[in-house]
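These numbers come from the heavy atoms of this one structure, side chains and all, not from hydrogens, waters or symmetry mates. Remember, predicted model here, so these are calculated numbers, not experimental data.
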Amino acid sequence: MSTTSLYVELVIIGMQTITWMLLIIDCIEHGIIKSIISYSNNLFLAIVFLSISYVIGMIFDRLANLIFQRPENKIRKKSGLQAKSSLLVDETNKMQEHQSYTRSKYRILRSSSLNIFIISILVTFNIFFNYTKNFYLLGTVLIIGFILSALSVWSTIDTLRNFYNKARVIELHNNPGK
C-alpha cells in the first residue's frame, strides 16, 4: 500500500469524525456550521482542516481498530489462517495489491460504520434542537442512518471474512503441507 493511499484513508476517516464533532458543537452553539461553511473558500482553512483531519483520522482509526478487534480475531480464527500476520507474501503483485486494497477498504468501512451511526444520531439532535420537531423527519433520518450504519457493519464483516478466507487459500497454496 502506498503512503498516499494510507494518507487519503485517514483523511476520509478524519473528515467523517470532524463532521460529528462539528455537529456536537452546532447542537451546543447553533450556527457554527454555517459560519465554518462561509469561511470554507479560504485555502488556509482548507489546509488546516486537512491536517487536522489526518491526525483525528489516525486517532479514530485506532479506536475503531480496538472496537473491531474481537470480531476480527473471531473471523481470523474461523478462517483457519495459521500465519501470524494477516498480510501474506504471494508471488504475484496482483495478490499483494488485492490484499492492500482489501485492508484499505476494511479500514474505511470499520470507521464509517461507527461514524455514520454517530452522525445520524447527532443530525437528528441538531434538527430537533435547532430546526424542527417534526418526528416523521427525525424518525426518517434515524432510520436511514441506522440502515446505512448496519450496512457498513455488514460490509465490514463481509470484507474481513473474504479477506481472511482468501489469505488462508494463499497460505495453503504457498505451504501445501499445512
Side-chain angles (χ1 to χ4, degrees), residues 1-24 52-126 138-178:
M1 171 189 295
S2 72
T3 304
T4 305
S5 297
L6 182 60
Y7 176 79
V8 170
E9 288 170 22
L10 294 174
V11 167
I12 290 169
I13 293 166
M15 286 181 166
Q16 291 174 341
T17 307
I18 286 175
T19 299
W20 62 258
M21 289 175 166
L22 289 174
L23 284 167
I24 289 173
I52 291 171
S53 293
Y54 178 69
V55 172
I56 290 175
M58 285 191 295
I59 294 167
F60 197 80
D61 178 55
R62 184 68 187 126
L63 177 65
N65 184 50
L66 292 172
I67 291 170
F68 278 90
Q69 190 63 49
R70 182 175 287 153
E72 182 174 355
N73 287 340
K74 285 181 183 178
I75 291 169
R76 185 172 191 265
K77 285 179 184 176
K78 192 173 181 179
S79 74
L81 186 68
Q82 300 295 316
K84 299 291 182 202
S85 172
S86 61
L87 290 176
L88 299 170
V89 179
D90 192 48
E91 51 275 345
T92 65
N93 284 337
K94 284 190 176 192
M95 284 308 294
Q96 290 174 352
E97 287 175 22
H98 175 71
Q99 287 180 335
S100 294
Y101 167 74
T102 303
R103 290 303 290 183
S104 171
K105 181 175 147 183
Y106 169 65
R107 181 178 283 114
I108 291 173
L109 280 169
R110 74 179 177 205
S111 293
S112 295
S113 62
L114 299 172
N115 279 325
I116 290 169
F117 179 76
I118 294 168
I119 288 170
S120 65
I121 290 171
L122 290 171
V123 164
T124 304
F125 282 152
N126 200 307
L138 297 171
T140 302
V141 169
L142 271 178
I143 289 169
I144 290 171
F146 290 161
I147 288 170
L148 290 174
S149 184
L151 287 171
S152 292
V153 169
W154 175 79
S155 296
T156 301
I157 304 266
D158 191 55
T159 298
L160 198 57
R161 190 176 298 118
N162 288 334
F163 174 78
Y164 281 117
N165 287 339
K166 287 179 184 176
R168 178 65 175 149
V169 169
I170 294 168
E171 182 179 61
L172 290 172
H173 174 71
N174 290 342
N175 304 310
K178 280 193 170 185

*Does a side-chain heavy-atom distance below 4.5 Å link Ile56 with Met21?*
yes

Of Arg161, Arg103, Lys77, the one forming a salt bridge (Lys or Arg N to Asp or Glu O under 4.0 Å) with Glu72 is Arg103

Any donor and acceptor pair, going by atom type alone, linking the side chain of Ser112 with main-chain N or O of Ile108 inside 3.5 Å?
-> yes

Taking the side chain as every heavy atom from C-beta outward, state whether Ile119 and Leu23 have any atom pair closer than 4.5 Å.
yes

Rounded to the nearest 0.5 Å, the CZ atom of Arg107 sits from the CG atom of Leu10 at a distance of 6.5 Å

Here the pair of heavy atoms bringing Ser152 nearest to Ile116 is OG-CD1, 3.5 Å

So OG1 of Thr17 and CD1 of Ile118: to nearest 0.5 Å the spacing works out to 7.5 Å

(request) For Leu109 and Trp154, run side chain to side chain contact (heavy atoms under 4.5 Å, CB included): C-alpha distance rounded to whole Å, both residues' side-chain angles, the deciding distance at 0.1 Å, then the answer. (result) CA-CA 9 Å; Leu109 280 169; Trp154 175 79; over 6 Å; no

Review point. Is any side-chain heavy atom of Leu122 closer than 4.5 Å to a side-chain heavy atom of Phe125?
Key: yes

Closest non-hydrogen contact found for Gly145 with Ser120 is CA-CB, 3.4 Å

Does the side chain of Ile144 reach to within under 4.5 Å of the side chain of Thr140, using non-hydrogen atoms?
yes

**OP:** Kindly indicate whether the side chain of Ile13, heavy atoms from C-beta on, has any atom under 4.5 Å from the side chain of Met58.
**Re:** no

Query raised in the report: So, the side chain of Ser149 versus the backbone of Ser113: is there a donor-acceptor pair under 3.5 Å, distance only?
Result: yes

- Query: Do the non-hydrogen side-chain atoms of Thr156 and Leu160 ever get within less than 4.5 Å of each other?
  - Reply: no

Which is it for Leu138 and Leu142 under the side chain to side chain contact (heavy atoms under 4.5 Å, CB included) test, yes or no, and what are the steps along the way? CA-CA 6 Å; Leu138 297 171; Leu142 271 178; 5.9 Å; no

- prompt: Would a 4.5 Å heavy-atom cut-off, applied to side chains only, mark Ile75 and Ile157 as touching?
  reply: yes

Here the gap from Leu63 atom CG to Phe68 atom CZ, rounded to the nearest 0.5 Å, amounts to 10.5 Å

Interatomic distance, CD@Glu9 vs OH@Tyr54, rounded to 0.5 Å, equals 10.5 Å

message: Are Phe60 and Leu114 packed together at the side-chain level, in the sense that at least one heavy-atom pair is separated by less than 4.5 angstrom?
response: yes

Rounded to the nearest 0.5 angstrom, the NZ-OG distance for Lys105 and Ser155 is 7.5 Å

